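Hydrogens, waters and symmetry mates play no part in the numbers below; they use all other heavy atoms, side chains included. This is a predicted model, so every value here is computed, not measured.
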Amino acid sequence: MQFQIQKDDYFEHVNKRLLFLVSKFKPVFEVSDGQYPMFGEFGAFLVKNINDTETLDESAKFILEAVDKGKHKTKYLIIQQVFEQVYCDKKAAKKLEEKLSGKALEIFIQEQKRY
């Protein structure tokens with residue numbers, strides 16, 4: 001049996017895409033600090049700013065792109081660092097769910113059931 005490793009090129013640049021697409025997100029962490037610290041901060045930022053239409057729209061657009069272009073590492077990052085924080089706030093979860101579609105919505109709902 002052979003296993004094929006899926007390279008996740010998007011994961012390497014996901015921090016830069018986040019900063020580019022979500023204009024109001026100004027993290028304490030630097031891109032060089034890695035994906036997990038910045039995305040933990042992003043998850044908290046999204047929940048805190050869920051009523052800001054611009055932030056919600058930009059965040060959803062970013063998540064849609066990340067899930068579409070990223071592979072396993074990127075999807076796991078979004079689930080663990082963003083979705084799990086959103087699930088803790090029912091209002092935030094409902095608002096984000098309304099903005100997602102396709103694979104991102106499917107993953108959001110599937111993981112929420114497990115959470």
*So how far is it from Ile50 CD1 to Ser59 OG, rounded to the nearest 0.5 Å?*
7.5 Å

_Reported OH-to-OH distance for the pair Tyr76 and Tyr36, which is rounded to 0.5 angstrom_ = 6.0 Å

*With distance as the sole test, does Asn15 use its side chain to make a donor-acceptor pair with the main-chain N or O of Gly34 at under 3.5 Å?*
yes

*Test Lys16 against Val31 for side chain to side chain contact (heavy atoms under 4.5 Å, CB included), laying out the working first.*
CA-CA 7 Å; Lys16 291 178 184 176; Val31 170; 4.2 Å; yes

*Any Phe39 side-chain heavy atom under 4.5 Å of Val14 side chain*: yes

*What is the distance from atom CG of Leu46 to atom NZ of Lys95, rounded to the nearest 0.5 Å?*
11.0 Å

*Calculate, to the nearest 0.5 Å, the distance between atoms NE2 and CG belonging to His13 and Leu19 respectively.*
14.0 Å

*Got a salt bridge between Glu98 and Lys94, using NZ or NE/NH1/NH2 to carboxylate O under 4.0 Å?*
yes

*Which pair of non-hydrogen atoms, one from Leu77 and one from Gln35, has the smallest distance, and what is that distance?*
CD2-CB, 3.8 Å

*4.5 Å side-chain heavy-atom contact, Glu58 and Leu21*: no

*Is a side-chain N or O of Asp57 found less than 3.5 angstrom from the main chain of Glu54, in a donor-acceptor match?*
no

*To the nearest 0.5 Å, how far apart are CD in Gln112 and CD1 in Ile79?*
12.0 Å

_ring-ring contact (aromatic ring centres under 6.0 Å, His included) against Tyr10, all qualifying residues, sequence neighbours excluded_ = none

_Classify the ring geometry of Phe108 against Phe83: parallel below 30°, tilted from 30° to 60°, perpendicular beyond 60°._
perpendicular

_Can you confirm whether Lys24 sits close enough to Asp52 that some side-chain heavy atom of one is under 4.5 Å from a side-chain heavy atom of the other?_
yes

*With rounding to the nearest 0.5 Å, note down the distance linking CZ in Phe62 to CG in Leu64.*
10.5 Å

*Under the side chain to side chain donor-acceptor pair (under 3.5 Å) test, which residues partner Lys75, sequence neighbours left out?*
none

*Should Glu41 and Val28 be marked as a side chain to side chain contact (heavy atoms under 4.5 Å, CB included) after you check the CA-CA gap, both sets of side-chain angles, and the distance that decides it?*
CA-CA 8 Å; Glu41 189 177 350; Val28 173; 3.6 Å; yes

*Less than 4.0 Å between a side-chain N and a carboxylate O, is that true for Glu111 and Arg114?*
yes

*asked:* Suppose we screen for ring-ring contact (aromatic ring centres under 6.0 Å, His included). Which residues come up paired with Phe11, at least two apart in sequence or across chains?
replied: none

*Please state whether the rings of Phe25 and Phe42 are parallel, tilted or perpendicular, taking 30° and 60° as the class boundaries.*
perpendicular

*Step by step, work out the side chain to side chain contact (heavy atoms under 4.5 Å, CB included) result for Leu96 and Ile63.*
CA-CA 10 Å; Leu96 182 59; Ile63 292 168; 4.3 Å; yes

*Are Arg17 and Phe20 close enough, and set up right, to give a side chain to side chain contact (heavy atoms under 4.5 Å, CB included), and what steps lead you there?*
CA-CA 5 Å; Arg17 289 300 294 162; Phe20 179 75; 3.4 Å; yes

